[in-house]
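Have a look at the structure below before the remarks.
Since the model is a prediction, treat every value here as computed from it, not as a measurement.
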Amino acid sequence: MSKPRYAMTMDTKRCVGCSACVLACFAENEVPEQGFRDWIVFETRGTFPDLHQEIRSERCHHCSESPCVDACPTGASHVGEGGTVLVTPHKCTGCKACIAACPYGARFVHPRGHVEKCTFCLHRVKQGQQPACVEICPTEALLFGDRADGDSALARLLRARKNKTLKPEKGLEPNLFFLE
């Protein structure tokens, strides 16, 4: 059996931009008022009157080739269980090298001085639960699972639906997939 490789899908046809995922994350992870671990993006394309809007719930992409991990001088940013990209607060000096390296803008400096970001709620996953954002989503736009398990709901969905990653030209192999 292969090691797990956690990933998330975000269905852009189901998301209504309600921010339930953002609020659940704030509550679950005690995110400070000026911080964020996930956010909602409204992207409008086209020319009036032919406009198209895509709504996305975004967070750390937990890249397989993580520039934030490579940029961290102390080892605070590291790859953890299931390929999740994590930050160990007591090792972090707040130098912001990882923030500069992340092309997705997925990190912030906590008022205590360390960098913080989405962890896919690894503390919940280890207890057999879903990440808070997935559990709360009223439209079931988010799905979390193990990509390495070909029989998982997530792996089956990625095979069945057209999907994309953001900034694929960077070669980071992100593990946040947007279903089209």
Side-chain angles (χ1 to χ4, degrees), residues 4-12 14-42 55-64 66-147 153-154 165-166 172 174-178:
R5 183 49 177 117
Y6 298 136
M8 187 177 286
T9 59
M10 199 274 121
D11 192 333
T12 60
R14 288 181 175 236
C15 183
V16 295
C18 70
S19 295
C21 56
V22 175
L23 296 172
C25 181
F26 261 78
E28 176 68 30
N29 297 293
E30 299 177 7
V31 178
E33 189 174 312
Q34 67 279 19
F36 59 91
R37 285 183 172 209
D38 64 343
W39 59 95
I40 303 297
V41 172
F42 295 86
I55 305 171
R56 294 190 306 264
S57 173
E58 291 193 32
R59 62 208 25 80
C60 172
H61 293 231
H62 295 275
C63 302
S64 295
S66 307
C68 54
V69 170
D70 294 339
C72 181
T74 66
S77 286
H78 63 282
V79 177
E81 186 177 327
T84 53
V85 177
L86 305 171
V87 178
T88 303
H90 72 272
K91 287 185 175 180
C92 181
T93 63
C95 74
K96 301 179 188 163
C98 62
I99 291 174
C102 176
Y104 302 110
R107 292 166 170 250
F108 71 96
V109 178
H110 192 281
R112 287 186 230 125
H114 65 273
V115 171
E116 197 168 290
K117 55 171 287 308
C118 168
T119 63
F120 276 161
C121 285
L122 192 55
H123 63 284
R124 291 174 59 92
V125 172
K126 287 178 178 180
Q127 296 175 6
Q129 299 174 306
Q130 290 288 304
C133 59
V134 174
E135 186 175 295
I136 200 73
C137 183
T139 63
E140 298 179 353
L142 298 171
L143 180 67
F144 174 82
D146 180 4
R147 274 183 68 196
L154 182 127
T165 58
L166 301 183
L172 305 177
N175 288 284
L176 178 58
F177 298 88
F178 297 92

- Does C25 reach the side chain of C118, with side-chain heavy atoms less than 4.5 Å apart? no
Tested for side-chain contact (heavy atoms from CB on, under 4.5 Å) against V79, the lone hit among V69, L86, T84 is V69
I want to check something: taking the side chain as every heavy atom from C-beta on, are K117 and V87 in contact at a cut-off of under 4.5 Å? yes
T119 side chain vs C121 backbone, donor-acceptor pair below 3.5 Å: yes
Hits for side-chain contact (heavy atoms from CB on, under 4.5 Å) against A100, two or more places apart or cross-chain, chain-then-number order -> none
Output for pair (E58 CD, C21 SG), nearest 0.5 Å, gives 10.5 Å
#### Entry: CG (L166) with more than 12 external heavy atoms under 6.0 Å
yes
The reported gap from OG1 in T9 to CG in L154 (rounded to nearest 0.5 angstrom) is 5.0 Å
Would you confirm whether D146, through its side chain, and Y6, through its main-chain N or O, come within 3.5 Å as a donor-acceptor pair? no
Output for pair (C137 SG, D11 CG), nearest 0.5 Å, gives 9.0 Å
So do P67 and L172 actually touch side chain to side chain, heavy atoms under 4.5 Å? yes
For residues 28-38, the side-chain hydrogen bond (donor to acceptor under 3.5 Å, both in side chains) pairs (sequence neighbours left out) are E28-H123, E28-R124, N29-R37, R37-E116, D38-R59
| query | Between F36 and F108, is the gap from one ring center to the other below 6.0 Å? | reply | yes
Tell me whether T74 contacts the main-chain N or O of A76 through its side chain, where contact means a donor paired with an acceptor under 3.5 Å. yes
Residue pair V134 / L143, side-chain heavy-atom distance below 4.5 Å: no
Check your understanding: Do V115 and I99 touch side chain to side chain, with heavy atoms closer than 4.5 Å?
Key -> yes
Separation between SG (C15) and CD1 (I40), nearest 0.5 Å, reads 5.0 Å
Student check: side-chain heavy atoms of E140 and L142 closer than 4.5 Å: no
Could you tell me if the side chain of N175 sits less than 4.5 Å from the side chain of H61, heavy atoms only?
no
Residues pairing under side-chain hydrogen bond (donor to acceptor under 3.5 Å, both in side chains) where one sits in residues 91-111, two or more places apart or in two chains, turn out to be S77-R107
Next on the checklist: When you compare the side chain of V85 with that of C63, does any pair of heavy atoms fall below 4.5 Å?
Outcome noted: no
